[in-house]
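Here's the structure, in structure tokens; my notes come after.
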Amino acid sequence: MTDSKEKEFEDRWCLGWRGLRIEGVARIGGQVQFDIGETSSLTLAAPFTLAEKAADIPGVKPREFDPSDGLAPEIEALAGQTIRAALGFKDGRLRVAFSSGQHLNAPRGHGHPSWMAHGETGRSWEATADGELSVYSARRTADPEE
């Protein structure tokens, strides 16, 4: 089941990826890119963590990965996983939960953007260099037939 409803809340955005599958993982120019479903993507440009469970559970020790170091096997293994939740927080953080129970967390930007996401509707989110979340809506162009 997919729930492609992107939704804004007071402190976060639901990115609308619930039920979508990670179709591919690649390292492109020192960044890690996830192809999500048919039209969505996530690009990580700064170190991020991956934990076997939610990182706020006592005893869980997330492992840090730096996109500039290449693709670790644990990151490549996310290909084929289904997304359970994907949240972009307005302070610039990102949290993605997978069907395996793993959780990926990306920090807010510090001096440079840390992540960027593109949703199914054409909307984009970016954790900016100043630690905020910028949201860009898809622009509809006029139909030349109208």
Side-chain angles (χ1 to χ4, degrees), residues 1-57 60 62-68 71-144 146:
M1 176 181 150
T2 63
D3 180 6
S4 62
K5 294 185 180 182
E6 298 165 358
K7 187 171 182 182
E8 182 177 15
F9 295 91
E10 184 177 330
D11 65 337
R12 67 192 177 281
W13 273 87
C14 173
L15 304 184
W17 296 342
R18 183 184 177 102
L20 296 181
R21 183 181 132 112
I22 302 294
E23 300 296 339
V25 182
R27 182 170 177 253
I28 300 172
Q31 301 177 341
V32 172
Q33 180 172 313
F34 296 88
D35 294 325
I36 301 166
E38 294 181 16
T39 60
S40 298
S41 65
L42 169 64
T43 302
L44 299 168
F48 61 94
T49 62
L50 184 67
E52 292 302 314
K53 298 178 183 175
D56 55 357
I57 295 175
V60 172
R63 181 167 170 212
E64 185 171 294
F65 296 91
D66 188 331
S68 65
L71 281 178
E74 297 92 335
I75 304 307
E76 290 182 303
L78 292 173
Q81 291 290 321
T82 300
I83 295 176
R84 286 197 167 168
L87 302 172
F89 293 89
K90 292 184 178 179
D91 66 2
R93 296 174 295 126
L94 170 76
R95 181 178 303 147
V96 182
F98 300 96
S99 55
S100 63
Q102 294 173 297
H103 285 70
L104 182 149
N105 290 284
R108 54 192 294 190
H110 292 288
H112 60 85
S114 60
W115 61 271
M116 177 175 267
H118 300 282
E120 289 188 308
T121 65
R123 183 176 280 125
S124 297
W125 300 267
E126 180 181 40
T128 64
D130 60 358
E132 300 291 324
L133 183 65
S134 288
V135 182
Y136 307 96
S137 294
R139 293 180 189 226
R140 291 188 67 186
T141 56
D143 185 344
E146 292 181 351

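Note that the coordinates shown come from a computational prediction; the quantities given were computed from them, not determined experimentally.
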Check your understanding: Quick one: side chain to side chain contact (heavy atoms under 4.5 Å, CB included) partners of R84, sequence neighbours excluded?
Key -> A97, S99
Exercise for review: Apply side chain to side chain donor-acceptor pair (under 3.5 Å) to E132 and list each qualifying residue two or more places apart in sequence or on a separate chain.
Suggested key: none
Check your understanding: Under the salt bridge (charged side-chain N to carboxylate O under 4.0 Å, His left out) test, which residues partner R93, sequence neighbours left out?
Key -> D91
Practice item. State, to 0.1 Å, how close S114 and P107 come at their nearest heavy-atom pair, and which atoms those are. Key: OG-O, 2.7 Å
Point to revise | CD on Q33 to CG on L44, rounded to 0.5 Å | key: 10.0 Å
Study note, to complete from the structure: The side chain to side chain donor-acceptor pair (under 3.5 Å) partners of R123 (sequence neighbours excluded) come to E6
**Study point:** Under the side chain to side chain contact (heavy atoms under 4.5 Å, CB included) test, residues paired with E74 that sit two or more places apart
**Key:** L50, R63, F65, A72
Revision key, fill the gap. By side chain to side chain contact (heavy atoms under 4.5 Å, CB included), S68 pairs with (sequence neighbours left out) D66
**Study point:** Sequence-distant partners of R21, side chain to side chain contact (heavy atoms under 4.5 Å, CB included), two or more places apart
**Key:** E23
Practice item. With sequence neighbours excluded, give me every salt bridge (Lys or Arg N to Asp or Glu O under 4.0 Å) pair touching residues 32-45. Key: none
Check your understanding: Taking L94 as the fixed residue, which of L42, N105, L87 is the one that meets the side chain to side chain contact (heavy atoms under 4.5 Å, CB included) rule?
Key -> L42
Point to revise | With S41 via side chain to side chain donor-acceptor pair (under 3.5 Å) - residues at least two apart | key: none
